[in-house]
Amino acid sequence: MKRIYILLLLVMMVWGFNVSAIKVLVANIDPILLTSIRIFTAGVGVLITLYFMRLLRKPSKREFAIILYISLFNVVLHHALMGVGLLYTSGVNAGLIVGLGPLLTMILSTIMLSKKITLFKTFGFILGFVGVVITTLTGAEGFSGVSLGDVLILLSIAAQAFSFILIGKLNPRLDPRLLTGYMLLIGSVFIFLTSLVIESDPAQIIQLIDAKLLGVFLFSAFICTAFGHMVYNFAIKQVGPAESAIFINFNTFFAILGASFFLGEKIMVNHIIGLILIVCGVLIGTGAIYHFTKQKTHAHRRTS
């Protein structure tokens, strides 16, 4: 379990740094077109990795239907709604709404998986969200009111949360990593078709010939998207959708840390306070503190 949590933290770090990578890329390429090419590249990367891990196989007709269904929510709706929503709202609003993801996942876990969530764990989820709020609002103009973009981003996060529940209910025969590879490939095709409707010039992808942009793109596609989603979807099956989702709170801090390293933006005191609250929220929400104190109590009883 400890190893899974460390891997989840690593995934949150690369996902956070991915925000800076995407900021560099979308300055040269339309966001939805970029997303489709990036996700397609990541899907190919996952399937090649699975081939060498001897996990690659052709899904059955039933499995393919499941993959198609989950990819609709996890890839197509999530990324398309997020891409369009960001055009009509501020970064602060988007950050706050994304911070609701773990809470939505926890609620859906309770309803759809009949999973008991204690008041102690609920407090952890709320504490993590407060940390996201403090971190997001620091140095910004503040919440700018509800817009169409906010609604689209909320729907994007809801679609992603629902997909986490579907992954948590997967038949054990269908490896989540195999699901990830096919899901990314299928989803990228639909997002590319969306980009043709919303954005007009697919030829601009030729901008990736530039060595610097290509390096950033490959980091984003292979490390952040391929590796990140493989590990994250595998973790959902191991520790549960809600427990995995609470780590998403770390995204905001790592995104700010990445912006400081790569884009020269400042880290403020409130960012550190937000991080402390996020860490406390994760420790409480995952039950890590409860298990640690329980083990300590057992160890004390044995020695006494």
Can you hop from Ile209 to Leu214 via hydrophobic side chains spaced under 4.5 Å?
no
Let me see the working for Arg177 and Val231 under side-chain contact (heavy atoms from CB on, under 4.5 Å), right down to the final yes or no.
CA-CA 8 Å; Arg177 293 163 292 187; Val231 172; over 6 Å; no
Between the CD1 atom in Ile32 and the CD1 atom in Ile37, the distance rounded to the nearest 0.5 Å is 12.5 Å
Test side-chain contact (heavy atoms from CB on, under 4.5 Å) applied to Ile205 and Ile29, step by step:
CA-CA 7 Å; Ile205 204 68; Ile29 304 165; 4.2 Å; yes
With heavy-atom distances below 4.5 Å as the criterion, would you say the side chains of Asp175 and Met53 are in contact?
no
Closest non-hydrogen atom pair, Ala42 against Ala226
O-CB, 3.5 Å
Quick one: do Leu213 and Ile206 end up in the same hydrophobic cluster if we chain Ile, Leu, Val, Met, Phe, Trp and Tyr together by side-chain heavy atoms under 4.5 Å apart?
no
Distance from Ile39 atom CD1 to Leu34 atom CG, nearest 0.5 Å?
9.5 Å
Look at the side chain of Lys237 and the backbone N and O of Pro176, then say whether any donor-acceptor pair between them is shorter than 3.5 Å.
no
Check whether any side-chain heavy atom of Gln160 lies under 4.5 Å from a side-chain heavy atom of Leu104, and answer yes or no.
no
Using side-chain heavy atoms (C-beta onward) and a distance below 4.5 Å, is Tyr182 in contact with Pro59?
yes
Hey, are the side chains of Ser188 and Val75 touching, using non-hydrogen atoms and a 4.5 Å cut-off?
no
Minimum heavy-atom separation for Gly168 to Pro241, with atom names?
CA-CG, 4.3 Å
Between Ser244 and Leu8, is any pair of side-chain heavy atoms under 4.5 Å apart?
yes
Distance in Å, Ser71 OG paired with Leu68 CG, rounded so as to fall on 0.5 Å steps
5.0 Å
Do the charged groups of Asp210 and Lys212 touch, with an N to O distance under 4.0 Å?
no
Is there a side-chain contact between Phe64 and Ile186, using heavy atoms and a 4.5 Å cut-off?
yes
List the steps and the verdict of side-chain contact (heavy atoms from CB on, under 4.5 Å) for Leu257 and Met13.
CA-CA 9 Å; Leu257 191 64; Met13 184 179 72; over 6 Å; no
To the nearest 0.5 Å, tell me how far Met183 CE sits from Leu178 CG.
10.5 Å
How many angstroms lie between atom OG of Ser156 and atom NE2 of His79, to the nearest 0.5 angstrom?
8.0 Å
Flag the pair Leu184 / Phe40 as yes when at least one side-chain heavy-atom distance between them is below 4.5 Å, and no otherwise.
no
Here the pair of heavy atoms bringing Leu127 nearest to Cys280 is CD2-CB, 3.6 Å
Strictly distance-based, threshold 3.5 Å: is any side-chain N or O of Thr225 a donor or acceptor partner for the main-chain N or O of Ser220?
yes
With a cut-off of 6.0 Å (strictly less than), are more than 12 heavy atoms of other residues, nucleotides or ligands near OH of Tyr232?
yes
Return the minimal non-hydrogen interatomic distance between Phe217 and Thr41, and the atom names on each side.
CZ-OG1, 3.5 Å
Heavy-atom nearest pair, Val239 first then Tyr5, reads CG1-CE2, 4.2 Å
Smallest separation among heavy atoms of Ala161 and Thr105, with atom names
CB-OG1, 3.5 Å
Within the 4.5 Å heavy-atom criterion, are Ile167 and Asn74 side-chain neighbours or not?
yes
Over 60° means perpendicular and under 30° means parallel, so tell me whether Phe250 and Phe254 are parallel, tilted or perpendicular.
tilted
Determine yes or no for a side-chain-to-main-chain donor-acceptor pair under 3.5 angstrom, with Asn233 supplying the side chain and His229 the backbone.
yes
Which value, rounded to the nearest 0.5 Å, describes the distance between Ile66 atom CD1 and Ser60 atom OG?
7.0 Å
